[in-house]
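Notes for the one structure printed next.
Only heavy atoms go into these numbers, but all of them, side chains included; no hydrogens, no water, no symmetry mates. All values reported here derive from a predicted model rather than from experimental measurement.
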Number of protein chains: 2
Amino acid sequence: MGRDDNDSSPQMGTALVHSMLEQRQDQAAGGRLVVNGGQPCRACPLADCEGLRQPPPDVRDWIAAFRHGDMRFARGEQVYAQATRPRFLYTVLSGVLMRSRLLEDGRRQIINFMFPGDFIGLQAALDAEMGHAVEAMTNVTLCTFVRERFFDLVAQQPRLSFDLTWLAAHEEAALEEHLVSLGQRNARERMAALAVFLVQRGIDTGIAPDGVLTLTVTQGQIAEMLGLSLVHTNRTLQALRRIGLVDWTLTSIRIPDIAAARAFAKIDGSVFSSRPYI
Amino acid sequence: MGRDDNDSSPQMGTALVHSMLEQRQDQAAGGRLVVNGGQPCRACPLADCEGLRQPPPDVRDWIAAFRHGDMRFARGEQVYAQATRPRFLYTVLSGVLMRSRLLEDGRRQIINFMFPGDFIGLQAALDAEMGHAVEAMTNVTLCTFVRERFFDLVAQQPRLSFDLTWLAAHEEAALEEHLVSLGQRNARERMAALAVFLVQRGIDTGIAPDGVLTLTVTQGQIAEMLGLSLVHTNRTLQALRRIGLVDWTLTSIRIPDIAAARAFAKIDGSVFSSRPYI
DNA sequence: GTGCTGCTATGTCAAATGACAGGGTTGGTT
DNA sequence: AACCAACCCTGTCATTTGACATAGCAGCAC
């Protein structure tokens with residue numbers, strides 16, 4: 001292994017490090033707010049989503065008053081930088097994002113991906129620093145809330161508070177699954193598990209209706225998610241393609257036999273009830 | 001690697017598998033309830049803990065009425081089995097536990113450790129199956145709550161609801177850190193990071209006052225936490241001892257220079273405010 | 001004592017994974 | 001066209017890590 005124990009050799013191409021630093025700069029996202037005064041929640045794109053449990057009308061009205069506006073980010077832009085305490089919290093309205101954590105020496109671990117309906121910034125809401133960065137993987141639109149008013153939500157809307165806890169607990173469960181991957185599965189199993197995870201979330205959130213998730217994930221990102229080197233990621237991906245287990249290109253993921261892929265990756269089929277959202 | 005890609009070779013000593021199966025049987029924990037009618041919360045052992053934020057008196061009274069009793073488990077006993085939906089939720093009053101997740105073929109991943117003040121069973125509270133098992137690493141005493149009444153807590157006590165979300169978010173942050181370990185750190189860094197994590201939690205919860213955590217962790221458990229083989233865990237542990245970075249025996253963990261260990265493991269020193277508890 | 005069990009330690013070899021170096025493709029820009 | 005930036009791919013070799021086999025040692029029951 002080249003990460004020699006403690007001398008912190010460069011570890012990533014300078015190009016990558018460079019781009020990371022650039023991203024760090026346009027972190028603020030300050031001026032870009034687009035308040036969507038018009039039809040806030042009545043036209044919420046999440047209302048059509050099969051996989052989401054819709055809030056009752058009165059709660060929806062409350063959210064409409066609570067929410068602040070919309071915001072858009074382009075693919076590659078950073079929504080949160082690590083170790084900041086931002087002003088806004090978000091719900092994903094459309095698009096996919098990822099959260100990642102950076103080590104001082106440049107190594108980066110992608111923690112998880114966020115799909116429509118997911119809530120962003122819970123750690124920030126609780127007066128803590130963000131332990132990770134959040135970056136858009138596609139063009140995204142986010143529903144924004146003001147952090148300071150977060151406690152109003154908890155105090156006034158036990159239903160939403162419950163939902164928020166629900167989301168946090170299920171996010172935790174997803175991280176557990178990723179931990180199992182990194183700790184116990186070998187490279188091919190990990191990659192299969194990740195593919196199944198992504199496609200399943202795509203199906204559940206309605207953005208991969210026919211079982212094909214259109215999402216551009218570079219092999220470098222896969223490597224950073226799975227804790228593998230870029231080269232080994234490439235080879236493993238090719239191996240899975242050769243077997244016919246997954247059909248994963250730069251821009252889309254397709255799994256011919258998802259049950260077979262689950263079995264291969266040793267994923268126990270826990271069925272999730274439909275997710276709430278805020 | 002011996003985990004050859006998909007043939008699921010035995011992978012663990014038969015003795016270990018055997019003991020796991022045994023543990024699976026005494027899972028119910030049904031009849032062992034010890035209702036502590038006397039002085040429930042006034043004498044709460046957590047009240048003395050420096051690292052915990054104490055609830056205000058009225059909330060404490062509410063908890064006293066909400067809580068159900070005490071329960072004790074001996075080292076090695078299982079509190080929750082995986083994929084069950086238990087009747088009780090717990091707060092750790094004393095002792096240390098671990099949560100782990102089992103794969104069908106016997107591989108096991110330890111997810112995290114739980115110290116006094118931690119809340120157990122949030123997933124269960126939200127009507128989901130437990131995705132993991134919970135096992136006592138020492139003799140423990142737990143404060144029990146009835147799962148069905150969980151929504152009362154959310155509805156009636158926004159403060160506690162907030163605290164619960166706080167705990168969930170910070171548990172998530174801990175899992176993120178473990179993910180970074182498994183994904184980006186090599187064996188020695190992982191082990192140092194784990195040692196620092198455990199000792200720090202021990203200090204914060206007052207059970208390692210002099211910086212020495214008395215807790216018996218076998219090398220097999222370390223291996224299952226860090227995603228390493230038992231043999232490699234042994235060798236790595238010896239290497240760390242040789243360097244003088246950690247002094248980790250079967251029954252205790254001591255870190256001569258915790259700052260050095262942090263630097264070695266590349267842990268960024270995020271300072272946590274004091275944790276709430278319920 | 002003898003056996004047994006759980007844990008730690010070591011030696012040897014094999015497999016998984018990473019490092020390094022280089023080439024190829026695509027797409028955008030000037 | 002020439003250049004450049006991302007990204008994907010391949011070959012070769014080094015390192016990390018795992019598998020297997022075995023031994024030692026403490027505790028404990030009988």
Side-chain angles (χ1 to χ4, degrees), chain A residues 1-20 22-23 75-76 106-107 137 181-191 216-224 226-242 248-252, chain B residues 1-20 22-23 75-76 106-107 137 181-191 215-224 226-242 247-252:
Chain A
M1 208 197 255
R3 314 165 184 160
D4 47 356
D5 270 354
N6 232 7
D7 314 19
S8 68
S9 52
Q11 184 69 17
M12 341 179 55
T14 50
L16 184 47
V17 171
H18 190 59
S19 80
M20 286 188 324
E22 273 184 359
Q23 284 176 352
R75 165 175 158 78
R107 287 180 259 174
M137 300 186 68
S181 267
L182 295 200
Q184 302 301 133
R185 299 198 241 255
N186 62 33
R188 287 155 71 172
E189 291 168 340
R190 282 184 217 183
M191 199 165 293
T216 112
V217 188
T218 71
Q219 294 182 3
Q221 288 169 330
I222 300 176
E224 285 180 330
L226 299 182
L228 301 171
S229 74
L230 177 53
V231 174
H232 195 55
T233 298
N234 178 293
R235 287 194 247 258
T236 305
L237 192 51
Q238 292 178 57
L240 289 192
R241 285 204 273 251
R242 206 178 316 124
W248 190 343
T249 70
L250 175 59
T251 53
S252 78
Chain B
M1 206 196 259
R3 318 166 183 158
D4 45 358
D5 269 355
N6 232 10
D7 315 20
S8 69
S9 51
Q11 184 69 19
M12 339 180 56
T14 50
L16 183 47
V17 171
H18 190 59
S19 79
M20 285 189 325
E22 275 185 358
Q23 286 175 354
R75 164 176 161 77
R107 287 180 261 175
M137 299 187 68
S181 266
L182 295 200
Q184 302 301 132
R185 300 199 241 255
N186 62 32
R188 287 155 70 172
E189 290 168 340
R190 282 184 217 183
M191 198 164 294
L215 175 67
T216 112
V217 188
T218 70
Q219 294 182 5
Q221 289 169 330
I222 300 175
E224 285 181 330
L226 299 183
L228 302 170
S229 73
L230 177 54
V231 174
H232 195 57
T233 298
N234 179 293
R235 286 195 246 258
T236 305
L237 192 51
Q238 292 178 57
L240 289 192
R241 284 204 274 249
R242 205 177 317 123
D247 179 10
W248 191 341
T249 69
L250 175 59
T251 54
S252 79

Checklist entry - Within this structure, what is the CH2-to-C1' distance between W248(A) and dC7(D), rounded to whole angstrom? => result 15 Å

Item to check | Nearest-Å distance for atom pair CD1/P, residues I222(A) and dC8(D) | outcome: 8 Å

Next on the checklist: According to side-chain contact (heavy atoms from CB on, under 4.5 Å), who are the partners of S181(A), at least two apart in sequence or on a separate chain?
Outcome noted: R185(A), R190(A), A193(A)

Next on the checklist: Between C1' on dA16(C) and CZ on R190(A), what's the gap in Å once rounded to a whole number?
Outcome noted: 10 Å

Next on the checklist: On a heavy-atom basis, which atom in Q219(A) and which in T233(A) lie closest, and how many Å separate them?
Outcome noted: O-CG2, 3.6 Å

Checklist entry - Using the C1' atoms of five pairs at each end, what's the angle between the two axes of the helix from dG1(C)-dC30(D) to dT30(C)-dA1(D), to 10 degrees? => result 30°

Item to check | Whole-Å distance separating the CD atom of E189(B) from the P atom of dT16(D) | outcome: 12 Å

Item to check | Distance, rounded to the nearest Å, where R107(B) contributes CZ and dA19(D) contributes C1' | outcome: 14 Å

Item to check | Per S229(A) side chain, nearest of listed nucleotides dT8(C), dG18(C), dT10(C) | outcome: dG18(C)

Item to check | Distance test, side-chain N/O of Q219(A) to OP1/OP2 of dC7(D), below 4.0 Å | outcome: no

Item to check | Atom pair distance, as rounded to whole Å: CZ in R185(A) and P in dT17(D) | outcome: 20 Å

Next on the checklist: For DNA chain C, which residues of residues 232-242 of chain B approach it to below 4.0 angstrom with any heavy atom?
Outcome noted: N234(B), R235(B), Q238(B), R241(B)

Checklist entry - Given atom CG of N186(B) and atom C1' of dA14(D), what is their separation to the nearest angstrom? => result 15 Å

